[in-house]
Amino acid sequence: MDGLPLALELAAARVGTWSPSQIATRLDDQFQLLTQGSRVAQPRHRSLRAVVDWSYDLLDQEEQRIFSRLAVFAGGFDMDAAAAVCTERGECHDVGDTLARLIDKSLVVVNATAAPIYRYRLLETLRTYASTRLEERSGETARMRRRHTEYFLGVAKEAGLGLRGAEQPAWLDRLTVEHDNIRAALETALSTCDVDTAAGIAGSVYPFWDLRGHYTEGRRWLARILTAGADDPRVRAQVLMGAATLSIVQGDVAEAVTACEQAARLSEAGQDHARLSHALQYLGLIRIFTEQLDEAERLLSASLRHADAADAEWERGWALLLMSVLAMSRWDFDQAGDLARQAEATLGHEGDPEARAFVRVLLGFAALGQDDAAKAAVHVAEALRRFSTLGGLWGLSITTVLAAFVVRALGRHREAAGLLGVAEALRETAGTTLPPFVEAWLDDTLTGLTAVLGPAALRSARTSGRTLPRAAALTYTLRQLAPDADDVERHG
């Protein structure tokens, strides 16, 4: 009920007839439920619909038009979005001025703390009402939804480029606040059979679903789009790569292979070396997950060649990263470290922050494999900070497992067990899995911790770690990795 005093009063009046839970189940349609106010009140205060009707009727035509059109936004909007969606060719009104008047009349809420750009929203009750008014305007609902979808297609395409570079954290935050609008745009596109638009949106924002842990939801959207079909081979290949990415993180190898192979065929037919390089990378990663390491090497080497042919630094950097993972899977820590450093040099300081965070993870594994736990701790702490900034759940879960290995190597066994519990909770939240070489290291660590702590103490420590809130878990993990004074001087 959005905290509206009249709505609360009208709902409270129903308590004599229904229980609170019965009232709650009927609040999806507030305007039908909230209809019996005080008999001594003015008529416009006897129902929620009446009071909103009265407020709407006081608006001028321009205010009514903009208020109704704002109903197409889900989860809020900024001024640029309102102007782009709610103003049609030939209309000369100032959306900003109209929006200011709607705010003054308490029909639009402003979030002035949303730095650096203010955001606005309709209370959900008023959004429902505005939707009904929009329906009354001949053809406007479909037209406004189409304009909304087109606008967020543009946002998604811009985000797709930004998510590959130094602006990745800013775009992740932008897509987080616009996620409801992205969902609404996808639903509109699919419900109107505009599959290419839906594919363009989902194929651009899937890295956001990956990094922010929306794996299951993202896979649902991508599956719907692939089932519906998409005419543009490049866009379809991008959607397939999204499906492969989210599937492999959740351990669905069969779906990931199917999607990657289709993407590779489409990219090869279109002579798109960069996209083919990306598809071959994931086929290589899948072979690492299935422990077919020689085949993984062949695929990753081919990926690197196609990245070079396209002069695509992002693809080259990720190919080198995955070759480092392959070396780690072969327990070749020297080569794994060398390849990780090559990947970092290729990506540069302006490169993909997620990739640079994974560089730290791989350098941490390499250092630990070379029996330098103190150096590993420095790399792992940096990776944790970077993944925390990005909100990357899969990266955080892998890095926290590695932190447990490092802390065990430093001799703090109970703390290491607690970190394993933290990592388990992260994996369960995201529904993700671990690469095989990490699983093997985990099995060895659990065996060692059981021998030192005993089964009961190990179980208790892991349970304690699982129950830590995420922010507290990060602080705890970083504290366990903090070097002593000698280490600070030695590692800088």
Inset, instruction - For residues H278 and R164, report the shortest heavy-atom separation together with the two atoms involved. - result: ND1-NH2, 4.2 Å
Inset, instruction - Would you please indicate if the ring centroids of F365 and W441 are separated by under 6.0 Å? - result: yes
Inset, instruction - Describe, in one word, how the ring planes of W314 and W318 are oriented to each other, choosing from parallel (under 30°), tilted (30 to 60°) and perpendicular (over 60°). - result: tilted
Inset, instruction - Look at R219 together with D210 and state whether they make a salt bridge at an N to O cut-off of under 4.0 Å. - result: no
Legend entry - Side-chain (W221) to main-chain (A199) donor-acceptor, under 3.5 angstrom: no
Show me the donor-acceptor pairs within less than 3.5 Å that the side chains of residues 234-242 make with the rest of the protein, sequence neighbours left out.
from, atom 1, to, atom 2, distance (Å)
R234, NH1, D272, OD2, 2.6
Q238, NE2, G203, O, 2.9

Legend entry - Set of residues satisfying side chain to side chain contact (heavy atoms under 4.5 Å, CB included) with respect to T216, sequence neighbours excluded: R220, Q250
Inset, instruction - List in chain and number order the residues that pass side chain to side chain contact (heavy atoms under 4.5 Å, CB included) with E150, two or more places apart in sequence or in another chain; answer none if no residue qualifies. - result: R146
Inset, instruction - Kindly write out the residues that satisfy side chain to side chain contact (heavy atoms under 4.5 Å, CB included) with A310, not counting sequence neighbours, or none if the list is empty. - result: H273, A274, A312
Legend entry - Parallel, tilted or perpendicular: ring planes of Y118 versus Y120, cut at 30 and 60 degrees: perpendicular
Legend entry - Heavy-atom pair with the smallest gap, counting every atom of C260 and I286: SG-CD1, 4.2 Å
Legend entry - side chain to side chain contact (heavy atoms under 4.5 Å, CB included) partners of R101, counting only residues at least two apart: D60, E62, E63, D97, T98
Legend entry - Validation row, ring centre H179 to ring centre F208 under 6.0 Å: yes
Legend entry - Residue pairs, two or more places apart or on separate chains, that pass ring-ring contact (aromatic ring centres under 6.0 Å, His included) and touch residues 224-266: none
Inset, instruction - Determine, stepwise, if the pair D308 / R305 fulfils salt bridge (Lys or Arg N to Asp or Glu O under 4.0 Å). - result: CA-CA 5 Å; D308 288 341; R305 288 196 302 272; over 6 Å; no
Legend entry - Salt bridge present between R408 and E415 (N-O < 4.0 angstrom): no
Inset, instruction - Keeping the roles fixed (side chain from T433, backbone from G251), state whether a donor-acceptor pair exists under 3.5 Å. - result: no
Inset, instruction - Would you please classify the geometry between the F358 ring and the F387 ring as parallel, tilted or perpendicular, with 30° and 60° separating the classes? - result: perpendicular
Inset, instruction - For the pair R386 (side chain) and R356 (backbone), establish whether a donor and an acceptor sit closer than 3.5 Å, ignoring hydrogens and angles. - result: yes
Inset, instruction - Would you check if the side chain of S204 reaches a backbone N or O of G160 as a donor-acceptor pair within less than 3.5 Å? - result: no
